[in-house]
Amino acid sequence: MKETIIELLGQALDSLKADGTIPSDASPQIKVDPTKDKTHGDYASNLAMMLSKAAGMKPRDLAEKLIAALPASEAVSKVEIAGPGFLNFFADTGAVADIVRRVFSEGEQFGHSEFGRGEKVQVEFVSANPTGPLHVGHGRGAAVGDVLCRLLSATGHDVTREFYYNDAGAQIDNLALSTQARTKGLGPDDASWPENGYRGDYISELAASYMAGDTVEADGKQVTGAADTDDLDAIRVFAVAYLRHEQDLDLKAFGVEFDVYFLESSLYSEGKVEETVKRLVDNGYTYEDDGALWLRTTDFGDDKDRVMRKRDGGYTYFLPDVAYHFDKWQRGFTQVINEQGADHHSTVTRVRAGLQALKADIPKGWPDYVLHQMVTVMRSGKEVKLSKRAGSYVTLRDLIEEVGRDATRYFLAARRADSQLTFDIDLARSQSNDNPVYYIQYAHARVHSVLRKADREDKSFDETLAMAQLTLLTSDQEKAVMNRMAQFPDVVSHAARVREPQQVAQYLQDLSSDFHTCYNAVKVMVEDNATRNARLALGLATAQVIRNGLALLGVSAPEEM
RNA sequence: GCGCCUAUAGCUCAACCGGAUAGAGCAACGGCCUUCUAAGCCGUAGGUUGCAGGUUCGAGUCCUGCUGGGCGUACCA
């Protein structure tokens, strides 16, 4: 429908150019949007206002000329000029109902598009270091990143999901020492407990597993606990594998999968770090000072230069970060999106600066970042800060166990990433109209409930009949649902383009609301065969769109609740 | 101090890369279950979009300044 109107306006534009009303070099992007207010018709365009200056005419006068030049179309029943110069299009009932036919024929593919065809995109998300269970913040990253991946896949991109973790640095040494202390029966309150050691109970479990000689599998490798309290290397390797395995279980419970787990240590073992250093030095952006090797990131917009190699000879985290992203670039990703917590935002300028200094023709704004703000968890109106197991934070697993996967995913993905999120456990658990997840799922279940009733009464859905009778869907409520369904493909491609998963959630709430209104106003199971089947078709199409939308969020669409 | 993010109804949040009268839910009040699931619907009330300027036909949206909040500002990650 929208495409039809754009097409019609394009033709009108051409004929006005031909007769000299509009300069022939004017080539505005024709914008047609669904209206918010139905007295404004179904679609509106601001074209006359956009062109008024170029044409040297008042918008309303130009609008009249546009309408006069508009080819006739069966899809449009009326066009009006309104307000400062909007063109309001009223869609013909049959044209509106075409959307039902389209949803039926496209099924699961409805809403998908091809605009990203051929684009190789990588999304790096979660990237938690293996020093503990995943917490709520990681959960937000997992939800946002996962939905982004689904959106990009749905819009035709070739998506790689990647998880990067540090398996070697100082934090891992700390982990190994903490585990070792536990194997010796020490606790955080003992005098010889390592400074800044990890204090959570999970370290005890890990130590016990190591001492029991358990075998854990992570990233395709099996590691068996050596049960030797003095072998720090064995403890380190086991601890990393054990916690990576734990995180895998967290992710699995959340329904998130990755294609690639990238180890920071591989950057060293494969010489990528050295190669990066050499390149930066050769390019002349480095200098030695105070025993350390610095990179002149200020040449690329950073506010101070950064240390690459410390006085003690070790590298700062910054350098492997640059090496890692260089590796991403070399793997051919034209787009890379890094989803991470906003508390790491200071790395953005730095990594981009480092990449520019490589002189490898990497675009200035590459890679892209989606940063999510802090999550606080509330229960009974009070902030929840502690998990018994992890000590200082709320784990993702706790949350999933308590409120369920669907609600957890929905709540973490339904807000803009760049605003702080309050996760209200009571709300997420409530099985009531307070809870948007159930509100949407309920709309889906209701359709299937009607369908079951139709089957029970020997009035099963007849698709052929229904498709021939769609013009019977004439009520305001039915039209509202159809107009809303027609927006879905735009919502998906826009959400993918601007990297905003919450737009899908918002849309589903709107569609569900339209459906519930319709459900209460228009009875489906009427005697008249044609009407009943047309309405069943509308319900089924709605359910399909809800299912497609929920699939993008990774949330289930139950047929019964 | 500097950098990034943010400020919308009492509360939690939307608003389709500038569009018409800024929308939902919760909380408040009033209605709707002998009819397809009331996890629902309908209605009432609630706003100077933090403040002040600017850009333009038009600004919650873009720009500048100010104020409040979050995060960051390591030879930690």
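Sequence lines set the chain letters: A, B, ... in the order given, protein chains first and strands last, and positions in each chain run from 1. All values below were derived from every heavy atom in this structure, side-chain atoms included, with hydrogens, water molecules and symmetry-related copies excluded.
If A:Tyr43 and A:Cys518 are placed on RNA chain B by their nearest nucleotide, the residue sitting closer to the 5' end is A:Tyr43. When the nearest nucleotides of RNA chain B are assigned to A:Val307 and A:Lys53 by heavy-atom distance, the more 5′-ward of the two goes with A:Lys53.
At a cut-off of 3.5 angstrom, the base of B:G3 holds at least one donor-acceptor pair with the side chain of A:His345. With hydrogens and angles left out, the side chain of A:Tyr317 and the base of B:A77 share a donor-acceptor pair within 3.5 Å. Below the 3.5 angstrom threshold, one finds no donor paired with an acceptor across the side chain of A:Asp343 and the base of B:G72. Interface remark: the A:Asp290 side chain does form a donor-acceptor pair with the B:C75 base, using a distance-only criterion of under 3.5 Å.
Using a 4.0 Å heavy-atom cutoff across all strands shown, A:Ala292 reaches at least one base atom of the nucleic acid. Looking at heavy-atom distances under 4.0 Å, A:Lys58 makes no contact with the nucleic acid at all. Residue A:Asp173 is out of contact with every strand shown, counting any heavy-atom pair closer than 4.0 Å.
In this structure, A:Arg446 reaches the B:A38 phosphate: one of its side-chain N or O atoms is under 4.0 Å from OP1 or OP2.
Both distances falling under 3.5 Å, in either a Watson-Crick or a G-U wobble arrangement, occur for no nucleotide opposite B:C36. Using N1 to N3 plus N6-O4 or O6-N4 for Watson-Crick, or N1-O2 and O6-N3 for G-U wobble, each under 3.5 Å, B:G43 pairs with B:C29. In this entry B:G68 has B:U6 as its Watson-Crick or G-U wobble partner, both defining distances falling under 3.5 Å.
Checked against a 6.0 Å centroid threshold, the rings of A:Phe163 and A:Tyr261 count as neighbours.
In this structure, the nucleotide among B:C36, B:G40, B:A15 sitting nearest to the side chain of A:His516 is B:G40.
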